[in-house]
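Accompanying notes for the structure given below.
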Amino acid sequence: MNCQCGQALLLAEKDADKEAIEDLTKQAKSQRGPLATLTRARRDQLKAEVSAETAFKKTINAANSSLLETIKAAHKTAFIRSIQNYNDEQLVKFILENGYGLAVDEYIDQADKIRQTVKRTFDAIDPGFDFGEVDNLLDAIQSVSAQAVFDEVILPDVKQSINQGLRDLIVDVPFEIVVSNLQARLERSEGRQLTEVKTRISQFGRGITSATAEAAGLDHYLYTGPKDGITRPFCRALISLVVDQKQMNKLNNGQGLAVITGGGGYNCRHSWSPVTEGFMEAAQLTKATQSDISKANRGGKRK
């Protein structure tokens with residue numbers, strides 16, 4: 001995922017994504033054997049997450065346009081009075097039926113694609129693992145992820161914007177101004193929504209990776225991702241190192257997000273790859289020391 005690790009203004013987010021993918025491609029070319037395979041798989045997972053963000057942004061734009069057009073049409077009829085009298089449940093249904101239902105479908109479709117890239121990544125680590133053992137669990141994680149994105153982020157913003165517009169109508173603010181203000185509110189909310197969605201998409205990928213690792217009995221994780229000019233000190237201290245579960249529990253990215261699913265924090269482009277002892281030996285991986293863990297945590301405290 002797009003880990004604007006650190007100085008957010010150094011690169012635009014799209015440039016940071018491109019930079020990260022290029023960096024992982026270079027890493028894979030310099031590596032051999034199973035590690036190169038794993039790095040390419042992680043690069044492809046990052047590509048899928050970036051594509052998911054782009055597709056979701058287009059869908060949100062389309063949903064906002066559809067919602068505005070419906071409200072404009074409703075104002076020409078008595079239907080606008082019905083909307084003004086909606087309770088919370090009815091308003092949510094209205095929002096979903098007028099554009100945002102498609103956004104829900106889009107999130108689920110993109111999550112499916114990310115899930116497939118996680119499976120391919122895991123195949124590079126443990127080719128014999130049977131995903132049938134965890135499919136039900138991954139379905140549950142995917143469902144919870146989609147529900148959280150909309151119930152905690154998208155729908156509250158949209159409901160607040162619409163309710164404010166309806167209150168303006170009650171006090172006779174001209175309809176043209178109401179629509180203009182509503183459009184502005186939706187656009188302002190979009191930036192925060194997309195940041196949250198980007199983070200949740202990344203957390204989803206790491207979450208199903210962690211669940212699969214636990215089912216496979218793996219408790220060692222390789223930290224993979226780019227090492228460039230916008231990499232957070234927390235991430236920089238851990239890249240290409242393996243940590244065990246006890247060390248993972250001691251890590252703190254300083255952003256209030258669980259490290260196993262949040263990596264270095266909001267917009268993190270790095271990921272945890274569960275590895276077997278055989279993989280560690282074949283790839284000649286290095287185990288993190290207590291000094292590495294402490295260095296990462298110090299980096300997480302930096303503002």
(message) Test: salt bridge (Lys or Arg N to Asp or Glu O under 4.0 Å). Region: residues 20-44. Which pairs qualify, not counting sequence neighbours?
(response) none
(message) Is it true that Tyr221 and Thr209 share a donor-acceptor pair across their side chains at a distance under 3.5 Å?
(response) no
(request) Nearest 0.5 Å please: distance from the OG atom of Ser161 over to the CD atom of Glu187. (result) 10.5 Å
(request) Write down the atom of Gly300, the atom of Phe234, and the distance for their closest heavy-atom approach. (result) N-CB, 3.9 Å
(message) With a 4.5 Å cut-off on side-chain heavy atoms, are Ser240 and Lys227 touching?
(response) no
(message) Measuring from atom CG of Asp17 to atom OG1 of Thr54, what distance do you get when rounded to the nearest 0.5 angstrom?
(response) 7.5 Å
(request) Taking the side chain as every heavy atom from C-beta outward, state whether Asp139 and Arg115 have any atom pair closer than 4.5 Å. (result) yes
(request) With rounding to the nearest 0.5 Å, note down the distance linking CZ in Arg185 to CG in Asn163. (result) 10.0 Å
(request) Among Glu49, Gln193, Gln203, Glu53, find the one that has a side-chain hydrogen bond (donor to acceptor under 3.5 Å, both in side chains) with Lys198. (result) Glu53
(message) Can you confirm whether Gln84 sits close enough to Arg81 that some side-chain heavy atom of one is under 4.5 Å from a side-chain heavy atom of the other?
(response) yes
(message) Any non-hydrogen side-chain atom of Leu186 less than 4.5 Å from a side-chain atom of Leu68?
(response) yes
(message) Assess the residue pair Phe204 and Thr261 against the criterion (side chain to side chain contact (heavy atoms under 4.5 Å, CB included)); give the C-alpha distance rounded to whole Å, side-chain angles, the decisive distance to 0.1 Å, and a yes or no.
(response) CA-CA 7 Å; Phe204 168 70; Thr261 55; over 6 Å; no
(message) Please report the interatomic distance CG(Leu182) to CG(Leu67), rounded to the nearest 0.5 Å.
(response) 6.5 Å
(message) Could you measure the distance from the OG atom of Ser66 to the CG atom of Leu102? Nearest 0.5 Å is fine.
(response) 7.5 Å
(request) Count the heavy atoms of every other residue, nucleotide or ligand shown that sit under 6.0 Å from CD of Gln147, and state whether that count exceeds 12. (result) no
(message) In the structure I gave you, are the side-chain heavy atoms of Leu251 and Asn253 within less than 4.5 Å of one another anywhere?
(response) no
(message) Whether the side chain of Ser202 engages the backbone of Thr199 through a donor-acceptor N/O pair (distance < 3.5 Å, no angle test) should be reported.
(response) no
(message) Assigning hydrophobic clusters by single linkage (Ile, Leu, Val, Met, Phe, Trp, Tyr; side-chain heavy-atom cutoff under 4.5 Å), is Ile239 placed with Met280?
(response) no
(request) Decide, yes or no, whether a salt bridge links Lys250 with Asp244 under the criterion of side-chain N to carboxylate O below 4.0 Å. (result) no
(request) Give the minimum heavy-atom separation between Glu106 and Ala55, together with the two atoms involved. (result) OE2-CB, 3.5 Å
(message) Please say yes or no: joined through hydrophobic side-chain contacts below 4.5 Å, possibly via intermediate residues, are Ile80 and Val158 part of one cluster?
(response) yes
(request) Quick one: do Thr231 and His270 satisfy side chain to side chain contact (heavy atoms under 4.5 Å, CB included)? Show the steps, please. (result) CA-CA 9 Å; Thr231 299; His270 299 86; 3.9 Å; yes
(request) Taking all non-hydrogen atoms of both residues into account, name the closest pair between Thr39 and Leu24 and its distance. (result) CG2-O, 3.4 Å
(request) Applying side chain to side chain contact (heavy atoms under 4.5 Å, CB included), name anything that partners Ala124, two or more places apart in sequence or on another chain. (result) Thr37
(request) Can you establish whether the number of heavy atoms outside Lys57 located under 6.0 Å from its atom NZ is more than 12? (result) no
(request) For the residue pair Leu38 and Thr121, establish whether any side-chain heavy-atom pair is separated by less than 4.5 Å. (result) yes
(request) Examine the side chains of Gln142 and Asp112 and answer whether a donor and an acceptor come within less than 3.5 Å of each other. (result) yes
(message) If I compare all heavy atoms of Ala48 with all of Thr117, which pair ends up nearest, and what's the gap?
(response) CB-CG2, 3.7 Å
(request) Determine whether the side chains of Asn297 and Ser294 contain a donor N or O and an acceptor N or O closer than 3.5 Å. (result) no
(request) May I ask you to test the Leu222-Leu285 pair for a side-chain heavy-atom distance under 4.5 Å? (result) yes
(message) Enumerate the ring pair (Phe, Tyr, Trp, His ring centres under 6.0 Å) contacts for residues 135-190, please, sequence neighbours excluded, ordered by first and then second residue.
(response) His75-Phe175
(message) Quick one about Asp168 and Gln164 (side-chain donor to acceptor, distance below 3.5 Å, no hydrogens or angles considered), yes or no?
(response) yes
(message) As a quick check of understanding, evaluate side chain to side chain contact (heavy atoms under 4.5 Å, CB included) for Lys287 and Gln247, giving each step before the final call.
(response) CA-CA 10 Å; Lys287 181 87 161 43; Gln247 290 174 316; 3.0 Å; yes
(message) Any side-chain to backbone donor/acceptor pair from Gln27 onto Gly225? Under 3.5 Å, distance only.
(response) yes
(request) Report yes or no: do Leu238 and Ile125 belong to one cluster of Ile/Leu/Val/Met/Phe/Trp/Tyr joined by side chain heavy-atom distances under 4.5 Å? (result) no
(request) Might you confirm whether atom CD of Glu214 has over 12 heavy atoms from other residues, nucleotides or ligands at distances under 6.0 Å? (result) no
(request) Of all the heavy-atom pairs spanning Gly165 and Val178, show the shortest one and how long it is. (result) O-CG1, 3.6 Å
(message) Check this for me, if you would: do Arg188 and Asp157 make a salt bridge, where the nitrogen-to-carboxylate-oxygen distance has to be below 4.0 angstrom?
(response) no
(message) Taking Ile21's backbone N and O only, do any of them form a donor-acceptor pair with Thr25's side chain (distance below 3.5 Å, no angle check)?
(response) yes
(request) Please round to the nearest 0.5 Å and tell me the distance separating atom CD1 of Ile95 and atom CD1 of Ile154. (result) 11.0 Å
(request) Report yes if some heavy atom in the side chain of Tyr86 is under 4.5 Å from a heavy atom in the side chain of Leu166; otherwise report no. (result) no
(message) Which heavy atom of Val259 sits nearest to which heavy atom of Trp272, and what is that distance?
(response) O-NE1, 2.9 Å
(request) State whether the side chain of Gln255 and the backbone N or O of Tyr266 hold a donor-acceptor pair below 3.5 Å, judged by distance alone. (result) yes
(request) Apply side chain to side chain contact (heavy atoms under 4.5 Å, CB included) to Ile201 and Tyr107, showing your working. (result) CA-CA 9 Å; Ile201 285 174; Tyr107 185 91; 3.8 Å; yes
(message) Is it true that, when you exclude Lys159 itself, more than 12 heavy atoms of the residues, nucleotides or ligands shown sit nearer than 6.0 Å to its NZ?
(response) yes
(message) Are more than 12 heavy atoms, taken from residues, nucleotides or ligands other than Gln290, located less than 6.0 Å from that residue's CD atom?
(response) yes
(message) Side-chain heavy atoms nearer than 4.5 Å, only ILVMFWY residues, links allowed to pass through others: does that put Val149 and Leu194 together?
(response) yes
(message) Test of understanding: clusters of I, L, V, M, F, W, Y form through side-chain heavy atoms closer than 4.5 Å, transitively. Do Phe56 and Leu96 belong to the same one?
(response) yes
